[in-house]
Amino acid sequence: MYPYNKKKKKTGEYFNPIESYQGLGSSYFNPVAVGNLSVNDIDENRVMNSFTLTYNIAPWLNYMQLVSLQYVNTKRNNFLPYNALGADWLNQNNNFQREQNSANTEIITRSQLNFIPRLDSDHSLSGMLMFETDQIDFEWSTIRGRNGPSTEIQDPASNSPILDIASGSQQTHILGGLANVNYKFRDKYMTQLNLRTDASSRFGSNNRWALFPSATFGWRLSEEPWLAGLTFLTDAKLRFSWGQAGRQPNQAYDRHAIFNTPTIGQYIEDPIVIPLQVQLSNLKWQTLTQSNLGLDISLFNRFNITGEIYTKLTRDLLWPRYKIPKSSGFTELKQYNGGELLNEGWEFDVSAVVYRQRETTLRLNFNISRNVNSFIAFPENFNNEVDLSIGNGQFPRRADLGEPVGSFYGFRYLGIWPSNEDVVALNENGTVLKDVNGDPVPLTYSGGYVFQGGDARYEDVNHDGQIDLLDVVYLGDSNPDFIGGFGGNFRWKDFRISTQWHYRMGYYIVNEIALTTEGMLDKNNQSKAVLQRWRQQGQDEEGMLPRAYLNHPANNLGSDRYVESGNYLRLINMTFSYGIPKNICQKIRISSLELALTMRRIVTMTRYTGQDPEVPQDMDDPFWFGTDRARTPPPKEYTLSIALGF
Amino acid sequence: MIMIKIKKMKYVRLAIMVFLSIIPATSCENWLELIPPDGLVRDEYWKSKEDLEATLMGAYQTFAGLDEKLFLYGELRADMITVDNNAQNAERDISEGNIYPYNQLCDWSDFYVVINYCNNVLKYAPIIIEFDQTFTEYQMRGFKAEAVFLRSLAYFYLVRIFKDVPLVLEPSEEDDVDFFLPKSSDTEILRVIKEDLEEARYFVTDDYGSVEKNLGRATKGSFLALLAEISLWNFEYQDCIDYVNEIEELGYLLLPGGKLFEIFYPGNSLESIFEFQFDESLDQSNSMWSYTYYRNNNYLASDNAIEILAPESSGEVLRGPVSLRSHDAMIWKFCGAASDGATFRPSSERASANWIVYRYADVLLMKAEALSQLEEFDEALVIVNSIRNRVLMNEIEIQSTAEAFEDAIINERAKELAFEGKRWFDLLRLGRRNNYARKSKLIEIIIEKVPSTQKLVLASKLTNPLGWYLPIQEDELERNSKLVQNPYYADYSSN
């Protein structure tokens, strides 16, 4: 496919050779062509209905019944036309059509009995018994077709050759019960006790039911007589809570040993049925136990301060697709319980009404928090050093007990060797490293490749003349030191302005986009940054990239070249709103009219060079560290809204 | 004092009854017991002999799917093939002797998948016979025997490729099973499988109803051939001879030279003892077609192979054209339909060439090797010459020493069984014999094919016999801390 024909006239086609220096056109296709010409649509329909019945049996007893239904139908359509790829007409990716239909149904019923006995004014008691059922159904079917007759026919329902058809369904049933008691004495001492029980079809009958108790205690200090003198103390409450919650595996049938026919379903003419997964007789609930202690203070009726510290301990973590030795005949267990994860932290929040007059109010708020995640036990037979091999684009990964999750390791990058003569291995004193014969030791990568001018320069931490695993050092931590926000809202007559900001400080990100597009070792497209690279012996400019070299063994090792600070401050939202005054509303015979302009995420201040410093955290992965893989960041939004009330 | 006023008791009773009626009582557990709609769970399976046979077929099919790996394990490190441009780097590395534990060819999973299916069959065969009234004792022993054959064949390969490997004899059914087994020594594994084979070989049937099944499933002949090869590997020469003598009574024969290509196309010949069956029209395609088709530039016959097989240089007028094409070094056995070097397999049967595990010529040469080591030189010579007569080659005279016979027989096997995944294992036998007495001969043969700059390096790498085996894959060591790497590769591993 060429954009110009022999007469140098534009054909309207994108440049897409079948074979080029990079490789075959079906692997190295024109990304603009695929972006513009291909189809990737998702249509979702959602119906949500719920019915509630409340029956007041007696003044102190009422009954509520809820039935809710949610139905979601999703249809995905994919189409890849032949002119988006460089491939000959019979390639199976040409005019590739895919349609996937899925339906998700959830029915929840809840029966609740509330007791609110009338007691004298000093005591207040309430209780609740609740029972609920949850039924989740998921069905899907996918059909893929290839070599459709034209780019206009994008549906595999047309008679093009079928690549495959697949379908599946999943069902989960969950039962839950909750018993709850609330008691308050003179608004001074309060307590809430809960007992929750849950059962899920995702577990075997031996571990199906689980009990999750929880309790909260509160003490309103400001009501105590000995604090009555402090009139500026409008309210002060000390609270403590402890509770447990559970989590189930993310797939419905993982606990079963399922037998089915594989892709090649016969040997000679006899059918084949094989076990596909190992039965998980010991699968059980993942339990989270958390406790927190908090203090809420209100001063002068204008300032509210909240401080809280918490501990969360997760036991029997569920590890999906847990690797087992291949000598078992399987590569993984679908789920495995084990290990303990500790999450500790604190939060501090202050909000104040700074200025209050009849028509004008200004409120400000600020919060800050810190959370540290660390594993205090690993499951049995857990291998805590994965990917210890070093190589281009790789950061060795290891997990340590007691250490916060998110640390990462790699080489220290010191720039580039300007020329061959500059490449030298130094010993501890800073002089040239010599071998037994008095000859200078060449600086090599793992004892093999000898570094030359234009190559990346890494720190030889142990001064042995080799850049290898022994030179890997701690590079940074992806766990933010502090996360928080601040904002305020301002009101004058009928105008309102509100804003909220969010910040994250003290963490590092590995910029994987730069890693892939600045490596210059393979045939993939590279970023414009590579125009500033080393090209001649002796070149030594600031911020230059190493030389371009196909299949270089060490020019793109995992190092701090790609580690950047991720600290950022982001405007989460800013809203301007105006409410039409009541008298004008009455004239137009409506009860209220409000106009608002909301802007979300429009400003982000950061030194990070990638698209979005808000890198998702994978809380349960001991090997996680923050990498930016160019996931589409959340968009900036501008919303104009009108709310009309009758 | 807390006082609760209760009015309208009947309404309270009514309310409680309504509330309780909503809670299902004993039907809770049934409602919470869900099984997948497509597929069977273990409680529903293992109820009839068809279930047993279906899993056994899974073992056969998985082993058949290993055809390209069996080819590579048997030829890549030896001197009969060369690696061409489109071969994977992992394969090129092994061929050049740069073997590291991260190499993907060190992955033994498929062998253990076969072993797991066989362990399942062996466990459930005696259990199913209680459930299924149509299942006879004779049939049960037959299925068990087939499972024993496949499991033993899998372990025989593992032991020759890796030396010491974990010996797994129980199926991996539940998460209670101990998956983390250490290695067992190769001698221990060989002892166990030889015992199993000896016990089971009398119960296997010889007639499954069709030619494909008679050669694609285990029969008395295949048991004997495997036992003969294991005995030869253990240097138990008399046992080997005895097993081959029993095979000779079963009716296999050497096809006449003019029909030599029929062994490979259409396959399932009277000379074959056990071949994994493929049929492209039934969607059971092999990998050897795409591996050896000349346009795919994966593997070619080496210069040495051309020298010993091309009719111009060696006089092999029958075996040469059957095995390769001298003008472009293409390996012909798996792609051709006739030994003219031009007629390819018809398009509906392209990827249908069976993978031959044992054939009559192979076991006869094993017997000759065993006889010569026991110094029965005359009898051994007769066998060698009968193989040569079949392909219109002159009879040879061999000096009456075990060493001369060893050389002559290993050469004859190279020509007869070219590209059938045998060469490397033959060389290993040569090197291991009599406590590595002829180790230098193995090294000499291997370094012949590499450029002169690499000869010394490769020779020094091969001096330690532990380096003749592949390392355990790095990934497997990470998964199983009880596994210890082959000491030759210890520097490259974390264990």
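What you see is a predicted model, and the numbers here were worked out from it, not measured in a lab.
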[X] versus chain B, heavy atoms under 4.5 Å apart: side chain, backbone, both or neither?
X        : result
A/Ser200 : backbone
A/Leu276 : neither
A/Arg202 : neither
A/Ile258 : both
A/Thr261 : neither
A/Pro262 : neither

How long is the straight-line distance from [atom2] of [Y] back to [atom1] of [X], given to the nearest 0.5 Å?
X        : Y        : atom1 : atom2 : answer
B/Glu212 : A/Tyr267 : CD    : OH    : 10.0 Å
B/Lys482 : A/Asn381 : NZ    : CG    : 6.5 Å
B/Glu29  : A/Ser201 : CD    : OG    : 11.0 Å
B/Glu478 : A/Asn383 : CD    : CG    : 5.0 Å

Per-residue contact mode, [X] against chain A (heavy atom under 4.5 angstrom):
X        : result
B/Asp279 : neither
B/Pro36  : both
B/Asp110 : neither
B/Tyr102 : neither
B/Gln473 : side chain
B/Ile35  : both
B/Asn120 : side chain
B/Val41  : both
B/Asp107 : side chain

Original post:
So which of B/Asp176, B/Val165, B/Asp283 has the largest heavy-atom pair count under 4.5 angstrom toward chain A?
Top reply: B/Asp176
Original post:
Top residue by heavy-atom pair count (under 4.5 Å) with chain A, among B/Phe278, B/Phe179, B/Trp108, B/Phe276?
Top reply: B/Phe179
Subject >> Salt bridge flag under 4.0 Å for residues B/Arg217 and A/Glu269 >> reply: no
Original post:
Pairs in or reaching into residues 166-175 of chain B: which pass salt bridge (Lys or Arg N to Asp or Glu O under 4.0 Å), with residues at least two apart or in two chains?
Top reply: B/Arg42-B/Glu173, B/Arg42-B/Glu174, B/Lys123-B/Glu173
**OP:** Not counting sequence neighbours, which residues clear side-chain contact (heavy atoms from CB on, under 4.5 Å) with A/Leu163? List them please.
**Re:** A/Gln92, A/Phe96, A/Arg144, A/Arg146
